[in-house]
Structures are given as structure tokens and as C-alpha cells.
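Both backbone and side-chain heavy atoms feed into the values below; hydrogens, waters and symmetry mates do not. Residue numbers start from 1 in every chain, and the chains themselves are labelled A, B, ... in the order their sequence lines are given, proteins ahead of strands. If you're wondering where the values come from, they're calculated on a predicted model, not measured in any experiment.
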There are 2 protein chains.
Amino acid sequence: MATLKDVARLAGVSVKTVSNVVNGYSFVKPDNRRRVEEALEATGYRPNLGARNLRRGRTGFIALVLPELSIPYFAELAGLVIAAAQEHEWNVLIEQTFGTLAGERSALASLGPHLVDAAILSPEALEADDFQLSVPAVLLGEHAVDVPISRVGIDNVAAAQAAVRHLISLGHQRIAAIGAHPHRGTAALRLEGYRAALAEASLPFVDELVIPALNYHRADGAAAMRSLLDLPSPPDAVFCFNDLLAIGAMRAAAERQVRVPSQLAVVGFDNNEESVYSSPSLTSVAPDKSAIARAAVDLLHQRVETGELLADVETPFSLQVRESTVAR
Amino acid sequence: MATLKDVARLAGVSVKTVSNVVNGYSFVKPDNRRRVEEALEATGYRPNLGARNLRRGRTGFIALVLPELSIPYFAELAGLVIAAAQEHEWNVLIEQTFGTLAGERSALASLGPHLVDAAILSPEALEADDFQLSVPAVLLGEHAVDVPISRVGIDNVAAAQAAVRHLISLGHQRIAAIGAHPHRGTAALRLEGYRAALAEASLPFVDELVIPALNYHRADGAAAMRSLLDLPSPPDAVFCFNDLLAIGAMRAAAERQVRVPSQLAVVGFDNNEESVYSSPSLTSVAPDKSAIARAAVDLLHQRVETGELLADVETPFSLQVRESTVAR
DNA sequence: CCGGGTCTTTACATCGTTGGAACAACGATG
DNA sequence: CATCGTTGTTCCAACGATGTAAAGACCCGG
């Protein structure tokens with residue numbers, strides 16, 4: 001593999017002149033520039049990123065710490081983050097935590113300052129003490145603890161409220177919620193939006209209609225739905241805190257011959273591609289994932305380049321109404 | 001951030017001695033070792049990976065080149081590859097190609113020998129000339145062109161044959177296939193398995209029942225299914241070359257009030273988690289993704305460590321029978 | 001044709017780490 | 001007591017790139 005030295009020898013100039021050409025330094029004589037460029041071409045020179053970064057004190061990588069790639073929301077987000085990072089010549093390192101405290105801690109620990117320039121975190125269990133980071137970071141979504149790290153995400157209260165309002169506007173009165181969680185900030189906010197929507201329509205908040213979910217997988221949604229259908233008077237609508245829970249809930253409903261949406265309306269959250277093609281298709285709160293990815297990466301880039309502190313960014317969302325609430 | 005030099009000063013020994021301790025070199029006096037370890041602890045030393053790799057000529061990264069993370073199969077696979085790579089102290093860099101020739105070429109081009117130690121490729125459009133790689137690599141799945149790179153994957157012909165045999169055993173006679181593709185090796189093999197199953201049951205191969213798909217997304221499956229349902233005599237079963245196509249096909253069937261499985265049986269390929277919870281749930285060929293990920297990473301590790309050439313690895317698969325072929 | 005500024009290039013040190021040679025200390029051996 | 005092999009340690013160079021400072025080339029007016 002060719003190094004600057006090889007190129008320099010071939011072009012008959014010093015190593016530094018080649019480096020200057022490679023880095024677009026202005027003051028190089030046209031004649032030398034041409035010779036260097038030919039030599040670069042001839043040798044197929046590619047800079048050694050390790051060496052460059054050692055010298056520059058940068059690594060050229062950012063970390064993306066998320067629960068699990070097999071969760072569609074995070075997979076889609078990861079794809080968008082990779083694309084956004086590419087525009088700043090950053091490569092993305094993905095760390096999976098599987099939503100456990102231990103997993104998140106070990107992911108953070110491995111983020112030595114030499115490995116990545118910055119990190120995008122999507123934590124679920126971390127506590128305030130854990131946020132002693134050695135690199136600039138942003139948080140995706142909210143988090144229960146109050147830490148001085150900027151956040152990128154939607155207004156979860158407003159989004160949840162919009163979802164439940166939609167159900168109320170369709171005439172539903174007994175609306176359940178699946179996905180409450182003791183330690184997840186996001187869950188608390190969505191629950192708050194749910195309460196707010198009920199309150200503004202003067203509907204009662206009923207404890208037994210709020211089902212917690214330890215994980216947000218399809219199986220958890222199905223289990224929660226079964227317990228709701230077992231109630232003496234089951235709900236006529238359900239708001240799930242993510243699409244996977246909703247898909248599981250619809251599956252459980254189908255298994256009990258409960259018709260969606262006529263007997264049970266369902267709303268999800270995340271707007272996974274999967275939800276567009278399910279039968280029935282799923283009404284869902286759609287955060288602008290692309291905006292989230294871009295904002296997170298741009299913020300970090302600005303922080304690393306200029307050292308400026310970061311403001312929080314609120315990204316837009318919309319409600320995608322589909323067959324699970326309004327029959328076609 | 002502490003460097004070896006800082007630790008050495010604190011422990012009162014040379015830099016190299018500290019390096020020896022860090023790297024587990026045997027011959028260090030117990031007394032010095034203790035002092036160095038204390039100094040390491042006190043300074044919170046973390047090796048600068050860039051510098052280490054520059055010296056060692058390794059990077060500590062492998063690339064995973066795949067079409068798109070938003071495709072569940074690749075998202076799941078990526079998660080497993082990351083986990084497997086961790087066991088060899090490798091970090092994984094994901095590159096998305098979006099299934100285009102240009103995307104794949106640019107991904108390969110960016111894989112300078114300085115960026116990664118090895119690569120796992122899942123190409124769809126590359127031609128033989130493109131495989132001039134500067135690092136050891138393995139291919140996931142088959143590929144049309146014949147290149148001297150080892151492959152990891154299942155026996156696609158046998159797997160497809162098993163899927164279609166299953167449909168035949170249920171009494172279906174007019175079985176369609178969705179997902180033929182002019183340049184995809186995998187598609188060709190699955191089609192071959194489809195033909196073989198028909199042939200061994202003495203069923204005719206009917207051209208109009210084989211629908212090509214340029215992409216393997218849900219929308220493509222839905223479009224293909226619509227064209228099948230428009231036929232004068234539509235099929236009574238369909239074998240889709242991946243689960244997304246199958247999900248799209250089931251969606252299209254539902255929109256035309258065609259009942260699955262009574263009027264139309266559907267089999268997919270990949271066994272996505274999504275397919276377990278769809279309504280009806282989807283019968284699918286289930287490659288052992290975990291085995292694929294592990295085999296690919298282990299093979300590369302062995303190659304990088306020992307320089308040995310790599311043999312192909314055939315991983316197991318099974319057929320998961322669900323409601324889309326056998327009503328519950 | 002000299003002094004002074006503007007371009008252009010070069011030599012050298014440096015980033016943090018590790019491999020190798022050199023050297024020092026040690027007990028064992030003849 | 002000289003020699004030897006084994007341990008243990010240090011010094012130096014090197015990986016490939018870039019920043020700095022200084023030297024060299026060039027052009028201008030006086």
C-alpha cells in the first residue's frame with residue numbers, strides 16, 4: 001500500500017508537499033501539483049486514517065448506542081444516522097445494549113476517548129451517575145434523570161396526546177394504554193400525554209387500563225393485550241407506546257376474534273414500515289426519523305468543530321391514520 | 001487523557017515496561033508490575049487504539065457491507081455480527097449500498113486497507129471485476145459471478161425446494177413464485193429449487209406464474225401479487241423469495257378479499273420476527289442467522305490471524321410452518 | 001542589484017504505541 | 001572467578017501523517 005513517502009519519491013517532491021496537495025493547501029506550484037496528482041493517481045494512494053487521526057487527535061468515528069438492531073425503529077434510525085454521518089466524513093460504530101443497565105454501562109465504558117469523537121445515546125436504564133462521558137454526546141428521546149447532555153427528539157407529550165385525541169374524536173371512551181414503564185422517561189411522557197388527552201375530554205383515568213411493559217417487543221404487546229381482553233369490561237381502543245407493542249396487541253386481538261378497528265381501535269408509535277403493510281394497517285405516531293438522525297449528527301459535528309455547547313432540538317412528528325382506527 | 005508516558009513517570013519505570021504490563025508480557029518483576037498496575041489504575045489509562053493499530057498494522061475494525069439496515073433480515077444479521085465480532089475484539093463498521101451497483105462500488109472503494117482488517121459482503125449487483133479487494137472478505141449468500149472469495153450461507157436450492165415441497169404436500173397445484181431477478185445469484189438458486197420441487201411432483205412450470213421483483217421490499221411483493229391475482233386463473237399458492245415480499249403479497253391478497261391460507265397459501269423466506277406476528281402468521285424458510293454471523297466472523301478472524309485460505313461454510317436452515325399455509 | 005515582501009518547499013519534530021537491540025543484574029556452572 | 005544463560009529493563013526507531021519553522025525562490029520598487 002502506497003504511503004505519502006512513496007508518492008513523494010515518485011513525484012520528486014517532499015512528503016509535506018504531497019500532504020499539502022492531498023489536503024488542498026493553496027500554495028503549490030501548478031507544475032508540482034500536477035506531478036503530485038499524477039503520482040497519487042499512479043500509486044492509488046489512500047491516506048492511512050489511523051495515522052492521520054493519531055496526528056490530528058481525531059478518530060473519524062462516532063458511536064451510536066442503542067438497545068438492539070432487531071428493533072425496526074432503531075434499525076431504521078441507524079441507517080439514517082449512518083447516512084447523515086457520511087456527509088461529515090464520519091463512520092458509525094454501533095453498540096447494542098439490549099436495554100439492560102449492564103449493557104449500557106459496558107457500552108459507555110468501551111467508548112474510550114480514543115475510539116470515537118462523539119456519541120449518540122439512546123439509553124433506557126442509565127442513571128445520572130453513569131453520564132460521566134469522555135466525549136461529546138447527544139441523547140435521543142428523553143430520559144428520566146436530569147443530565148446536562150442535549151437531547152434530540154419529538155415532544156412526546158404532545159405526540160401521545162395527539163394519538164389519544166384521535167381515538168377520542170372517533171368516539172372511543174374506554175381507551176387503554178400499553179407500555180407504561182417505571183424507569184423510562186419516554187414512557188412517562190407518553191403516559192402524561194395520554195392522561196392529558198383523557199382529561200381535556202373529561203374522560204376518567206382508569207388504572208386497570210394502563211398496562212406496563214418491561215420490554216417493547218411484539219410479545220409484550222400481545223401479553224398486555226390478552227390481559228386487557230380478560231378484563232370484565234375490555235377497552236374499545238388502545239394506545240400502544242410503540243408499533244411493536246401495537247402489532248403484538250393486534251395479533252392477540254385477532255387470536256381472540258376481536259375485530260380491529262370495529263371492536264377495538266389501535267394506535268401505535270414510531271411508524272415502522274411494517275405497520276403500513278400489516279392487516280389491518282396501523283395508525284401510528286410518526287416521528288421524523290430522518291430529522292432526528294440529521295439533527296443529532298449535525299449537533300455533534302458542530303460541537304466537535306467549534307466546541308460550542310449544544311441546545312436541545314425538537315423534531316417534528318405527524319399522525320399517520322390507517323385502518324386500525326378507521327376502516328377502509 | 002493519560003498516555004503510557006504519564007503512567008511510566010508515575011510508576012517510575014520506562015514506557016516500554018508499562019507497555020509490557022499492559023500487553024501481558026511475562027517477565028516483569030512483581031514489584032514493578034504492582035507499581036505499574038497501581039499507576040494504571042490511578043491514571044485511568046486507556047490505550048490509544050489509533051496509535052496501537054498504527055504500530056501493529058491492524059485497525060480493530062471489520063466492515064459489514066449490506067443493502068440497507070431498514071430491511072429486517074439485514075438488521076437482525078447486523079446485530080448478530082456485531083455480537084460475534086465483539087468476541088474477537090473487533091468493532092463493526094456498517095456500510096449501506098441500497099442494493100445499487102454504484103452504492104456497492106463506493107462501499108468497496110471506501111474500504112481502504114487502513115480502515116478495516118476484513119470485510120463481510122452481501123452484494124447484489126457487483127460484477128466479477130469489482131472483487132479486487134484489499135482486505136480478506138467473505139460473501140454472505142451466493143452471487144452470480146464466480147469469484148475466489150469464500151461464501152457463508154445456506155443451500156438455497158434445497159431450502160427453496162423444501163418450501164415448495166411443503167406447498168405441494170398441502171395439495172397446491174398452481175404455485176407461483178415472486179422474486180425472480182436477472183442478476184441475483186440467490187434469486188436464481190431459489191428459482192432453481194422451485195423448479196426442482198415442481199418437477200419432482202410432475203407439476204408443470206408455468207412462465208406466467210414466475211414474477212420478477214427488482215427490489216425485495218413489501219411494496220414489490222404487493223405489486224407482484226396484484227399482477228398474479230389479475231391472471232385469468234390465479235395461483236392457489238405463492239412462494240416468495242423473502243418475507244418482505246410475502247408480507248406485501250398477503251397485504252395485496254387481503255385488499256382483494258382473497259383469504260390466506262384457504263384461497264391462497266403463502267410461504268416466505270428469512271423468517272423475520274415480523275412474520276411470527278403478522279395476521280395470518282407467515283410460513284417461512286428460516287436460515288440460522290446466528291450461525292451465519294458467527295461463521296462469517298470466525299472465518300475472517302482465522303484468516304487474519306493465521307493467513308489460511310478460507311473454505312466455504314454451509315449453514316443450516318429449517319422450515320417454520322405457520323398460519324399462511326396451515327390454518328390454525 | 002539590493003532589500004523586503006510574497007510564495008513555495010523542505011527538514012524536523014511529533015502524535016502514542018510497540019518491536020528489537022542493547023544492556024544490566026542475577027544465580028548457576030565449570 | 002570468568003563465563004554463561006536467563007530475566008528484567010531501557011533506549012531507540014518506526015508506523016504514516018501533519019504542524020512548525022526556517023530556508024529557498026521569486027518578484028517588486030528604489
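- For the pair A/R184 and A/Y216, the cation-pi criterion (under 6.0 Å, within 45° of the ring axis) is fulfilled.
- A/P316 has its side chain out of reach of A/I154: every pair of non-hydrogen atoms, C-beta onward, lies at least 4.5 Å apart.
- Distances shown here put every side-chain N or O of A/Y25 at or beyond 4.0 Å from the OP1 or OP2 atom of C/dT10.
- Residues from residues 5-13 of chain B placing a heavy atom under 4.0 Å of any atom in DNA chain C do not occur.
- The nearest whole Å value for the distance from the CG atom in B/N48 to the P atom in D/dG16 is 16 Å.
- OP1 and OP2 of D/dG16 both lie 4.0 Å or more from every side-chain N or O belonging to A/T3.
- Between C/dT14, C/dT10, D/dA14, one nucleotide has an atom nearer to the side chain of B/R55 than all others, and that is D/dA14.
- Here A/S19 reaches the OP1 or OP2 of D/dT18: one of its side-chain N or O atoms lies under 4.0 Å away.
- Qualifying ring-ring contact (aromatic ring centres under 6.0 Å, His included) partners for B/F74, counting only residues two or more places apart in sequence or in other chains: none.
- Across C/dT17, D/dA17, D/dT20, the shortest atom-to-atom separation from the side chain of A/R52 is found for D/dA17.
- Nearest heavy-atom pair across B/D117 and B/T59 is OD1-N, 2.8 Å.
- In this structure, the nucleotide among D/dG16, C/dG19, C/dC7 sitting nearest to the side chain of A/A51 is D/dG16.
- For the pair A/L49 CG and D/dA17 P, the interatomic distance rounds to 9 Å; values are reported in whole Å.
- Straight-line distance from the NZ atom of B/K16 to the P atom of C/dA21: 11 Å, rounded to whole Å.
- A close approach under 4.0 Å does not occur between any side-chain nitrogen or oxygen of A/N20 and OP1 or OP2 of C/dT8.
- Here D/dG19 presents its P atom at 7 Å from CZ of A/R56, a figure rounded to the nearest Å.
- Proximity note for B/F27 (side chain, C-beta onward) versus D/dA17, D/dG8, C/dT18: the nearest is D/dG8.
- Atom CG in A/L40 sits roughly 11 Å away from atom P in D/dA17 (whole-Å rounding).
- For the 3.5 Å distance criterion, the side chains of A/E273 and B/S70 fail to qualify, holding no donor opposite an acceptor.
- Applying the side chain to side chain contact (heavy atoms under 4.5 Å, CB included) test to B/D155 and every residue at least two apart in sequence or in another chain returns B/V157, B/A158, B/E314.
- Taking the side chain to side chain contact (heavy atoms under 4.5 Å, CB included) definition, one finds that B/K16 meets it with B/S14, B/S19, B/N20, sequence neighbours left out.
- Position along DNA chain D of the nearest nucleotide to B/S14 versus A/M1 favours B/S14 as the more 5'-ward residue.
- The neighbour count for A/R294 CZ, taken as heavy atoms of other residues, nucleotides or ligands under 6.0 Å away, does not exceed 12.
- B/N53 comes within contact range of no nucleotide atom at all, as no heavy-atom separation falls under 4.0 Å.
- Within the structure, salt bridge (Lys or Arg N to Asp or Glu O under 4.0 Å) pairs that include any residue of residues 57-74 of chain A comprise A/R58-A/E305 (at least two apart or interchain).
- The nearest heavy atom of DNA chain C to B/L54 and to B/K29 marks one nucleotide each, and the one closer to the 5' end goes with B/L54.
- With a cut-off of 3.5 Å on both pairing distances, the Watson-Crick and G-U wobble pairs of DNA chain C assemble into stems of 3 or more at C:1-30 with D:1-30.
- The side chain of A/T17 places an N or O atom within less than 4.0 Å of a non-bridging phosphate oxygen (OP1 or OP2) of C/dT10.
- Between the side chains of B/N53 and B/H114, no donor-acceptor pair of N or O atoms lies under 3.5 Å.
- Spacing between atom CG of A/L4 and atom P of C/dC15 amounts to 19 Å, rounded to whole angstrom units.
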